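Remarks on the structure that follows.
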Amino acid sequence: METHVNALRSAMAVTLLASIVLACLGQEPAGTTDNSTKLPAGPLGETIRLGRELVERTSTHEVTRPYVGNSLNCTSCHLRNGTDPKAASFIGVATAYPAWSPREQRVITLEDRVLNCFMRSCNGIRPPLGSTPAVAIVAYITWLSADQPMRMNPERPNGPLSVPKLPTGLAQPDRQNGQILYSERCASCHGEDGQGDSEAPPVWGERSYNEGAGLASVPQLAAWLHVAMPPEERNLSPSEAFDIAAYVNSLPRPHFRLEAHLPEKSRLGEYNSAANE
Ligand code: HEC
Ligand code: HEC
């Protein structure tokens, strides 16, 4: 009798455990596309939802607008709010951090990486650590990594789906050919003057990414164009992508001087707590 009761108890415990696990899994599917209905309950879910909005409307949303100095949103380059598996995807990115950053010469957190993008790609001011945009965007990106194995990156601050480098050893990029290709393949949306239209963002000039951004490097822009542009027919060959990248990055864009993009010292970090004792 005793043994029977014990067996029954452990069977119940297993069932309970399994249903808890299943309930958790059901709430957090690994990075697919629009998961708005499956966000975790309560303030965490609301924070993740805010993070996604900030990624989509970075330059216009009241929470992030003060920290952005151009017309770009995170989704301008991390297509479909970072859920496009090819174009600088956010899927799985949280598993790579903390990571070694050759540029920073430090081990950095995902929060650092997110905040640095405001200074460079978005040509703005670094939001304080622990501030609302920092917490919300990190929550959103982390949510897109649910169920993926942790693999901190000891070489560079990049996740498992980061944009593959193009083969080196191609001929010197041909800027003039790049200009011709730009007119044929890009100007219908981004304009002959590079200033974009109501949907396509500017690709050079004061409202574009600055010289400190990842895309300001010709090999990085070429690698990204190869997998991301034109959005509906991503078929540039590596050498075409290099030629166009050399042309686009030869045109003027904001200079980058680090001090001009850091907030005053007292605003560099925030105590992320509502505790009053
Ligand atoms: C001008 C284009 C551009 C904009 C705008 C931009 N990024 Fe990025 N970002 C990149 C590129 C390119 C990379 C490198 C991607 C790679 O190597 O796969 C990158 C890398 C990252 C990474 C690291 C990804 C990884 O694989 O570990 C994070 C996180 C990130 N960006 C967050 C943001 C956030 C948040 C914003 C908005 C505040 C933003 N980025 C705006 C172009 C951009
Ligand atoms: C059909 C219109 C269209 C075409 C053609 C197109 N783009 Fe884009 N491009 C976009 C849109 C829209 C975005 C922003 C993505 C978003 O917000 O979803 C974008 C984003 C970009 C970005 C990152 C944001 C920025 O402005 O810096 C670059 C760089 C870029 N495109 C370059 C190019 C180049 C180079 C070509 C030609 C090979 C090209 N695009 C062709 C529509 C287009």
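Just follow the structure's listing: the first ligand is 1, and inside any ligand the first atom is 1. The structure presented is a predicted model; accordingly, all values stated were derived computationally and were not measured.
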Revision key, fill the gap. Ranking Y182, W224, Y209 by closest non-hydrogen atom to atom 28 (C) of ligand 2, top hit is W224
Exercise for review: May I ask you to list the atoms of ligand 2 that are less than 4.0 angstrom from any heavy atom of L236?
Suggested key: 38 (C)
Review point. With a 4.0 Å heavy-atom cut-off (strictly under), which part of L181 contacts ligand 2: side chain, backbone, both or neither?
Key: neither
Practice item. Would you mind checking which non-hydrogen protein atom is closest to atom 12 (C) of ligand 1, with the distance to 0.1 Å? Key: L215 CD2, 3.6 Å
Review point. Side chains of R175 and D243: closer than 4.5 Å at any heavy-atom pair?
Key: no
Check your understanding: Got a sec: does the CD of E259 have more than 12 other heavy atoms crowding it under 6.0 Å?
Key -> yes
Point to revise | Protein residue, atom and distance nearest to atom 25 (C) of ligand 1, heavy-atom basis | key: G159 N, 3.2 Å
**Study point:** atom 4 (C) of ligand 1 - nearest protein heavy atom and its distance
**Key:** S121 CB, 3.2 Å
Check your understanding: Can a donor-acceptor pair be found between the side chains of Y97 and R113 at a distance below 3.5 Å?
Key -> yes
Revision key, fill the gap. So the protein N/O/S atoms within less than 2.8 Å of atom 8 (Fe) of ligand 2 come down to H190 NE2, M229 SD
Exercise for review: With heavy atoms of E199 as the reference, note each atom of ligand 2 found under 4.0 Å away.
Suggested key: 12 (C)
Point to revise | Best match, P133, C117, G51, C77: closest heavy atom to atom 1 (C) of ligand 1 | key: C77
Revision key, fill the gap. When distances are taken from atom 18 (O) of ligand 1, the protein heavy atom at minimum range is V163 N, 2.7 Å
Practice item. Decide yes or no for T142 and L110: does some side-chain heavy atom of the first lie under 4.5 Å from some side-chain heavy atom of the second? Key: yes
Check your understanding: According to a 4.5 Å side-chain heavy-atom criterion applied to Ile, Leu, Val, Met, Phe, Trp and Tyr, with indirect links allowed, do I137 and L50 form part of one hydrophobic cluster?
Key -> yes
Check your understanding: Which protein non-hydrogen atom lies closest to atom 15 (C) of ligand 1, naming both residue and atom, and how far is it?
Key -> A88 CB, 3.9 Å
Point to revise | P252 vs E206 side-chain heavy atoms within contact, under 4.5 Å | key: no
Point to revise | Best match, P202, G196, C74, A187: closest heavy atom to atom 26 (O) of ligand 2 | key: P202
**Study point:** Proximity flag P157 to ligand 1, non-hydrogen atoms under 4.0 Å
**Key:** yes
Practice item. Would you mind running through ligand 2 and noting each atom that sits below 4.0 Å from a heavy atom of I244? Key: 35 (C), 38 (C)
Point to revise | Cluster check L251, W224: I/L/V/M/F/W/Y, side chain < 4.5 angstrom | key: yes
Exercise for review: Would you tell me which option among S71, A213, S76 has the nearest heavy-atom contact to atom 17 (O) of ligand 2?
Suggested key: S76
Check your understanding: Under the criterion side chain to side chain donor-acceptor pair (under 3.5 Å), which of E240, H226, R185 is the partner of N235?
Key -> R185
Check your understanding: Is it the case that one hydrophobic cluster holds both W204 and L72, taking links as side-chain heavy atoms less than 4.5 Å apart, direct or via other members?
Key -> yes
Revision key, fill the gap. If you scan protein heavy atoms around atom 29 (C) of ligand 1, the nearest is R113 CG, 3.7 Å
Check your understanding: Below 3.5 angstrom, do we get any N/O pair linking L110 and ligand 1?
Key -> no
Revision key, fill the gap. min-distance protein heavy atom vs atom 16 (C) of ligand 2 -> T75 O, 3.6 Å
Check your understanding: Are any of the side-chain heavy atoms of T47 and V135 separated by less than 4.5 Å?
Key -> yes
Check your understanding: According to the interplanar angle, ranging from 0 to 90°, do the rings of Y67 and F118 count as parallel (below 30°), tilted (30 to 60°) or perpendicular (above 60°)?
Key -> perpendicular
Point to revise | Heavy-atom side-chain proximity of T64 to H61 below 4.5 angstrom | key: yes
Exercise for review: Show your reasoning for whether side-chain hydrogen bond (donor to acceptor under 3.5 Å, both in side chains) applies to N70 and N123.
Suggested key: CA-CA 6 Å; N70 61 19; N123 192 37; 6.0 Å; no
Review point. Do the ring centers of F90 and W143 come within less than 6.0 Å of each other?
Key: no
Check your understanding: When you measure from atom 5 (C) of ligand 2 to every protein heavy atom, which one gives the shortest distance, and what is it?
Key -> R185 O, 3.3 Å
**Study point:** Pair S208, R253: side-chain N/O donor-acceptor within cut-off below 3.5 Å
**Key:** yes
Practice item. Kindly determine whether N116 and R126 satisfy side-chain hydrogen bond (donor to acceptor under 3.5 Å, both in side chains), including the steps that lead there. Key: CA-CA 6 Å; N116 290 343; R126 195 179 201 266; 2.9 Å; yes
Exercise for review: Answer side chain, backbone, both or neither: which part of N73 comes under 4.0 Å from ligand 2, heavy atoms only.
Suggested key: neither
Exercise for review: List the closest protein heavy-atom neighbour of atom 10 (C) of ligand 1: residue, atom name, distance to the nearest 0.1 Å.
Suggested key: H78 NE2, 3.6 Å
